[in-house]
Number of protein chains: 2
Amino acid sequence: MTELTPTPTIEDYLGIIFTLERDGEEVIGARLSELLEVSAPTVTVTLRRMVRDGWINITPARKIELTPKGVDAAKAVIRRHMLTEWMLAKILNLPWSKVHEEAHRIEHSISSEVELSLIDKLDDPALCPHGNPMPGQESISSKWKPLSECITGDKIIIERIHEFLEEDPVLMDYLESNQIVPGKQAVINEILPFNKTITLKNESGIVTLGLDIAKSIYIEKQH
Amino acid sequence: MTELTPTPTIEDYLGIIFTLERDGEEVIGARLSELLEVSAPTVTVTLRRMVRDGWINITPARKIELTPKGVDAAKAVIRRHMLTEWMLAKILNLPWSKVHEEAHRIEHSISSEVELSLIDKLDDPALCPHGNPMPGQESISSKWKPLSECITGDKIIIERIHEFLEEDPVLMDYLESNQIVPGKQAVINEILPFNKTITLKNESGIVTLGLDIAKSIYIEKQH
DNA sequence: CATTCCCTTTAGTATGTACTAATACCATAC
DNA sequence: GTATGGTATTAGTACATACTAAAGGGAATG
Ligand SMILES: [Fe+2]
Ligand SMILES: [Fe+2]
Ligand SMILES: [Fe+2]
Ligand SMILES: [Fe+2]
């Protein structure tokens, strides 16, 4: 319980652990290694520090669990990340596809005073600009279905691009320039399971997406 | 010349070196040690890395000089610091006395895209909220005189609180709550050289300041 | 000339964060 | 049962950033 405030590195770990827990995914070191793009030994020693400092516990089965203190810190950094995304998007007019990576750096320097002010100026949003729920608002997104589960002819509204897709700037740019962003309508054109692709039609024309990507894009069906 | 982008620590060093150079002060390790509040050996090794990476040169007489690359990096971080101060003050309505320390953390995570957007939203300010000049705008502040050089009865306008005073949050809070902020009027009430104090009268009443502090507060005399 | 003051450096250490190479562990598949 | 694949750990290293203790240098002062 040494540390009062997590370092940026620890905040990154906390955020990913929280998100995996939220999604019901198995929270193990190998997942963190992949998502954080660091080597497995780095994860091992970092997790040891996190246990030492009271952010997480590790079960005998090597599962990672946030402590109450860890949950609080994780929620705080995710809130600040999402508020920063909105600030960059709405106040500074940065492109939707770029705000995640900018916010990912800035989130670690935001004080609670700034956070409160952002909540005020941005009208306490329940979702980030990509449709992911603020901590405590998970119920909003729980009614949306993965795009991968649609069938040909479905009329849909794009609602959410999962956090882990936000990490890929090339993908995000592709999604933005093809209008695959929250609030936009589309119709499912064609699904090719053997090809692992799904094709939709929207304002900007015909867009093809890999089915793996489509699993992490959530939609609402129209009437 | 290894590093392309300075670390936050190096950016802090660069900013202070730039400001000392600008003010015509002697730029030596001991000054950095004081202003950065780190030990002398820490400064020695950090400066060695800065020479190695091409940010500074150190003369045989132990004077520190920014290289052209160092000047560019220093100007960038100072610009971002000041723009962030304005963003916090004008857009997020944080108190004037608090924006420096918040901006000092955030400045290291601002990209040039965000910087350009801030310049646009904030109408390309020439001064920070404390009246210090943006890099390249030094001429604006050069006509102001130190408050310490006033005489009893002078009618003045506060114009500038020097960067190095911004570092002291207790002082900044004192100044703000006593209306010693850029744009405010005051009259010199009493100067006590033996006591090293200067007393002024303004909207908020009578305020006493130490003469050392008054040396770093710049004013304009009224007709 | 010796003392003092200011400044810098050396030496030794610590901590967080990263890496590679090699090893170990475990469950499942063949 | 042994091979495989996924996972985790140990061992060894590197680097940026910090510290204290101690030593060294130079200028000014007495
Ligand atoms: Fe994000
Ligand atoms: Fe987001
Ligand atoms: Fe400042
Ligand atoms: Fe300022």
Side-chain angles (χ1 to χ4, degrees), chain A residues 1-17 20-21 25-65 69-70 73 77 104-105 107-109 167, chain B residues 1-17 20-21 25-65 69-70 73 77 104-105 107-109 167:
Chain A
M1 306 270 185
T2 313
E3 293 291 333
L4 296 152
T5 280
T7 63
T9 300
I10 301 306
E11 288 190 332
D12 287 347
Y13 278 66
L14 289 170
I16 288 182
I17 295 167
L20 288 169
E21 273 188 4
E25 304 279 338
E26 198 186 45
V27 189
I28 58 174
R31 277 308 73 60
L32 300 180
S33 175
E34 277 172 29
L35 290 165
L36 290 158
E37 297 178 273
V38 296
S39 71
T42 296
V43 171
T44 299
V45 299
T46 304
L47 291 179
R48 242 201 293 278
R49 290 198 312 276
M50 292 181 77
V51 171
R52 181 200 65 190
D53 296 339
W55 305 114
I56 57 168
N57 289 311
I58 300 184
T59 69
R62 313 273 89 205
K63 302 286 176 291
I64 297 157
E65 294 172 347
K69 169 180 156 179
V77 72
H104 187 54
R105 290 196 311 273
E107 68 194 14
H108 308 294
S109 337
E167 298 286 330
Chain B
M1 306 271 181
T2 315
E3 293 289 333
L4 295 152
T5 280
T7 62
T9 300
I10 301 306
E11 287 191 332
D12 286 347
Y13 279 66
L14 289 170
I16 289 183
I17 295 167
L20 287 170
E21 273 188 4
E25 304 279 337
E26 199 187 45
V27 190
I28 59 174
R31 272 319 63 61
L32 299 180
S33 175
E34 277 171 27
L35 290 166
L36 291 157
E37 296 178 274
V38 296
S39 71
T42 297
V43 171
T44 299
V45 299
T46 305
L47 291 178
R48 242 201 293 278
R49 291 199 309 276
M50 292 180 77
V51 171
R52 180 200 64 191
D53 296 339
W55 305 113
I56 58 169
N57 289 309
I58 300 184
T59 68
R62 313 273 89 204
K63 302 285 178 288
I64 298 157
E65 294 172 347
K69 169 180 157 181
V77 72
H104 187 54
R105 291 195 311 273
E107 68 194 16
H108 309 294
S109 337
E167 298 285 330

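Residue numbers begin at 1 in each chain, while the letters A, B, ... track the order of the sequences.
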Please report the distance, rounded to the nearest Å, between CD in B/Glu34 and P in C/dC5.
17 Å

Within this structure, what is the CD-to-P distance between B/Glu25 and C/dC7, rounded to whole angstrom?
13 Å

Of the listed nucleotides C/dT8, D/dA16, C/dT10, the one nearest the side chain of B/Thr7
D/dA16

Does A/Arg31 have any salt bridge (charged side-chain N to carboxylate O under 4.0 Å, His left out) partners at least two apart in sequence or in another chain, and if so, which?
A/Glu34

Give the rounded distance in Å between these two atoms: CG of B/Asp12 and C1' of D/dA16.
14 Å

Hey, does the side chain of A/Thr46 reach the backbone of A/Thr42 with a donor-acceptor pair shorter than 3.5 angstrom?
yes

What integer distance in Å separates B/Lys63:NZ from C/dT8:C1'?
12 Å

Measure CD/A/Glu26 against C1'/C/dC26 and give the value in whole Å, please.
13 Å

Does a nitrogen or oxygen in the side chain of A/Arg62 sit under 4.0 Å from OP1 or OP2 of C/dC26?
no

Who are the salt bridge (charged side-chain N to carboxylate O under 4.0 Å, His left out) partners of A/Glu26, not counting sequence neighbours?
A/Lys63

For atom CG of A/Leu36 and atom P of D/dA8, their distance in whole Å:
13 Å

Contacts of type side-chain contact (heavy atoms from CB on, under 4.5 Å), residue A/Glu11, not counting sequence neighbours:
A/Pro6, A/Val77, A/His108

Between C1' on D/dG6 and CG on A/Leu32, what's the gap in Å once rounded to a whole number?
15 Å

Would one find a side-chain N or O of B/Arg48 under 4.0 angstrom from OP1 or OP2 of C/dT10?
yes

Could you please spell out the steps behind the side chain to side chain contact (heavy atoms under 4.5 Å, CB included) verdict for A/Leu35 and A/Leu20?
CA-CA 10 Å; A/Leu35 290 165; A/Leu20 288 169; 4.1 Å; yes

Partners meeting salt bridge (charged side-chain N to carboxylate O under 4.0 Å, His left out) with A/Glu167 (sequence neighbours left out):
none

Using salt bridge (charged side-chain N to carboxylate O under 4.0 Å, His left out) as the criterion, list what pairs up with B/Arg105, not counting sequence neighbours.
B/Glu102

Any B/Arg52 side-chain nitrogen or oxygen under 4.0 Å from OP1 or OP2 of D/dA16
yes

Whether each nucleotide of nucleotides 18-24 of chain C has a protein heavy atom under 4.0 Å at its base (B), only at its sugar-phosphate (S) or at neither (-) is summarised, 5' to 3', as BBBB---

Calculate the interatomic distance between A/Leu47 atom CG and D/dA8 atom C1'; express it in whole Å.
10 Å

